[in-house]
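One structure is given below, encoded as structure tokens.
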Amino acid sequence: MTLLKMKFNQQRRVRLAQGLWLMSWVAVMCGAFIFCLGVYLKTELLRRAEVMDNTEIHIVPNILMMVGLASIGTNWVATRVCQDSLDASRFPRWKVLLLAWFAVAALLCCLLLAVVVLSYALQGRLEESLKEGLRNGIRFYKDTDVPGRCFQKETIDHLQMEFRCCGNNNFKDWFEVQWVSNRYLDFTSQEVKDRFRSNVDRRYLLDGVPFSCCNPASPRPCLQYHLTDNAAHFNYDYHAEELNLYNRGCRRALIDYYMGLMNSTGPGVLSVILIQMTVLLSLRFLQTAVEGAMALENPEDESEGYILEKGVKETFEDVKAMVLSMLKFAQVDASEVQPAAEDPEKADETTEKAASPTPASS
């Protein structure tokens, strides 16, 4: 049973070819959009690679860029097919290539669907990556003179100011690390000595945060130090003060940002999938209708266009049988290959018989 069979006369075939040519160029532009989207997302991820522990999330922009480029090339080919579809001398050359074209177009749609799924599925991996990466970034904040970490302080400060956040989970994360380098500490000061002695790991810990945690919306000048000591500041309550510092942690801020980016791409990607599927199905109708017309005595007569010549189940069985036959053909039949002689004595006897002269007949 033929799947989705339709009748096409000459006029309908021409209109289908013209409409598909325009739709193919729209799909080319969509491919460029998908590629640019992947480049933008990749750039945003690379900008903050120092606060990410792994790069698994990069698979999303990588697929977008690959699919975007492939979509541009694939749909450009579709425009050429549309131009040649009504030329009996030029269309036959596309017959073999179109089979590969349909396979590539279907694969692109599947990859785009995979991008939408991965955008949601990788949220947990993104959160874990940021959690570990930000923890290391805060820990190495003070190492401005260590090769490989010289710009860690600048990265964290820019991050906290740009996303209006502080610390990994919150500003208290800074209380657990020494974020002031020893080179800027006065070791003759009794306060510095006492802080080192009070810590078992000999670290200079204090209830303070870097300047980049300060909230400019606060009506009072920013308080960076002695944040848990109400007596250290006038008219200050540690538990009630909310505007002094950013309350949101940078991990949550970055997750919201990146997931918002990837989730916003979902409707756009789904739209591109619909356009790509429209091009794929329309080109299949055009191919079968034109081939049917070329088989008629009068090419301008009415012909049939369809998606599948047989039903879905029958087509699947045919494809399965074809693939199995190709695999069987590719395998070397061991029975047809002359094996090496297993018995050396028999091999020698065979060689001697072949070498001995044939007695002449009397």
Side-chain angles (χ1 to χ4, degrees), residues 44 47-48 50-53 126-146 149-187 189-261:
E44 288 298 299
R47 281 181 60 193
R48 298 171 186 91
E50 294 183 18
V51 294
M52 291 187 180
D53 187 52
L126 174 63
E127 184 171 357
E128 192 64 29
S129 174
L130 288 171
K131 179 180 179 180
E132 191 64 29
L134 284 168
R135 181 185 298 163
N136 291 332
I138 292 173
R139 185 156 58 95
F140 301 139
Y141 180 87
K142 68 179 186 303
D143 298 337
T144 53
D145 54 349
V146 177
R149 302 175 186 169
C150 301
F151 298 101
Q152 195 72 55
K153 175 185 178 299
E154 182 181 358
T155 299
I156 296 295
D157 284 334
H158 278 302
L159 177 68
Q160 294 189 142
M161 290 187 290
E162 180 181 355
F163 287 91
R164 303 174 68 85
C165 59
C166 184
N168 192 342
N169 298 307
N170 52 56
F171 65 90
K172 294 180 182 178
D173 294 325
W174 291 102
F175 298 175
E176 302 172 2
V177 297
Q178 179 182 340
W179 54 272
V180 180
S181 175
N182 288 343
R183 63 188 297 187
Y184 301 115
L185 295 175
D186 181 9
F187 284 91
S189 169
Q190 188 61 39
E191 180 185 357
V192 173
K193 292 179 181 179
D194 291 341
R195 286 193 177 275
F196 273 106
R197 291 195 190 101
S198 64
N199 186 266
V200 293
D201 295 328
R202 304 289 294 173
R203 293 181 298 168
Y204 182 76
L205 303 182
L206 67 163
D207 54 344
V209 296
F211 76 97
S212 54
C213 282
C214 292
N215 186 357
S218 174
R220 71 185 300 164
C222 182
L223 302 178
Q224 292 180 245
Y225 303 101
H226 305 292
L227 295 175
T228 58
D229 186 3
N230 291 337
H233 310 286
F234 177 73
N235 192 21
Y236 176 76
D237 185 359
Y238 163 61
H239 298 287
E241 188 71 31
E242 295 182 356
L243 289 177
N244 182 54
L245 304 175
Y246 297 126
N247 288 323
R248 186 170 63 159
C250 290
R251 175 157 54 101
R252 175 47 53 191
L254 284 172
I255 289 173
D256 292 344
Y257 173 71
Y258 283 122
M259 292 311 299
L261 257 181

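Just so it is clear, the model here is predicted, and its values are computed rather than measured. Heavy atoms only: backbone and side chains are in, while hydrogens, waters and symmetry mates are out.
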- Message: Under the criterion disulfide bond (SG atoms under 2.5 Å apart), I'd like the reasoning laid out for Cys166 against Cys213: C-alpha separation, chi angles, the key distance, then a yes or no.
- Response: CA-CA 5 Å; Cys166 184; Cys213 282; 2.0 Å; yes

- Please walk me through it: do Tyr204 and Val192 pass side-chain contact (heavy atoms from CB on, under 4.5 Å)? CA-CA 7 Å; Tyr204 182 76; Val192 173; 4.2 Å; yes

- Show your reasoning for whether side-chain contact (heavy atoms from CB on, under 4.5 Å) applies to Glu127 and Arg252. CA-CA 8 Å; Glu127 184 171 357; Arg252 175 47 53 191; 3.9 Å; yes

- Please lay out, stage by stage, how Asn244 and Cys222 fare under the test side-chain contact (heavy atoms from CB on, under 4.5 Å). CA-CA 6 Å; Asn244 182 54; Cys222 182; 4.1 Å; yes

- Task: Quick one: do Glu132 and Arg135 satisfy salt bridge (Lys or Arg N to Asp or Glu O under 4.0 Å)? Show the steps, please.
- Result: CA-CA 5 Å; Glu132 191 64 29; Arg135 181 185 298 163; 3.1 Å; yes

- side-chain contact (heavy atoms from CB on, under 4.5 Å) evaluation trace for Val146 with Phe140: CA-CA 9 Å; Val146 177; Phe140 301 139; over 6 Å; no

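Annotation: the span from Arg251 atom CZ to Leu130 atom CG amounts to 8.5 Å, rounded to 0.5 Å. The distance from atom SG of Cys250 to atom CD of Glu162, rounded to the nearest 0.5 Å, is 10.5 Å. A distance of 10.5 Å separates CD in Gln152 from CD in Glu154, rounded to the nearest 0.5 Å. To the nearest 0.5 angstrom, Phe151 atom CZ is 10.5 Å from Thr144 atom OG1. How far NZ of Lys172 is from CG of Asp207: 11.5 Å, rounded to the nearest 0.5 Å. Between the OH atom of Tyr238 and the CG atom of Asn230 there is a distance of 9.5 Å, given to the nearest 0.5 Å.
Side-chain contact between Val177 and Trp174 is present, with at least one heavy-atom pair separated by less than 4.5 Å. Between Glu128 and Asp53 there is no side-chain heavy-atom pair separated by less than 4.5 Å. Here the side chains of Asp256 and Arg248 are in contact, with some heavy-atom distance below 4.5 Å. Using a 4.5 Å cut-off on side-chain heavy atoms (C-beta onward), Trp179 and Ile138 make no contact. Side-chain contact between Met52 and Leu126 is present, with at least one heavy-atom pair separated by less than 4.5 Å. Two residues are said to be in side-chain contact when any heavy atoms from C-beta on lie closer than 4.5 Å; Arg48 and Phe163 meet this criterion. Looking at Ile156 and Val51, their side chains come closer than 4.5 Å, going by heavy atoms from C-beta outward. Two residues are said to be in side-chain contact when any heavy atoms from C-beta on lie closer than 4.5 Å; Leu134 and Leu159 meet this criterion.
For Tyr141 against Pro210, the heavy-atom pair with the smallest separation is OH-CB, 3.4 Å. Closest approach of Arg195 and Leu205 over heavy atoms only: NH1-O, 2.9 Å. In plain terms, the two heavy atoms of Gln178 and Ser181 that are nearest each other are NE2-C, 4.4 Å. Nearest heavy atom pair, residue Leu185 against residue Val180, reads CD2-CG1, 3.8 Å. Considering every non-hydrogen atom in both Val209 and Phe171, the closest pair reads CG1-O, 3.7 Å. In plain terms, the two heavy atoms of Arg220 and Phe234 that are nearest each other are NH2-O, 3.1 Å.
Other residues, nucleotides and ligands contribute more than 12 heavy atoms inside 6.0 Å of the OH atom of Tyr257.
Of the listed residues (Glu50, Gln160, Arg149), just one forms a side-chain hydrogen bond (donor to acceptor under 3.5 Å, both in side chains) with Thr155, and that residue is Glu50.
Below 30°, between 30° and 60°, or above 60°: for His226 and His233 the angle between ring planes is between 30° and 60°, a tilted geometry.
Checked by atom type, the side-chain pair Tyr236/Asp229 shows no donor-acceptor distance below 3.5 Å.
The six-membered or imidazole ring of Phe196 lies near that of Phe187, with a centre-to-centre distance under 6.0 Å.
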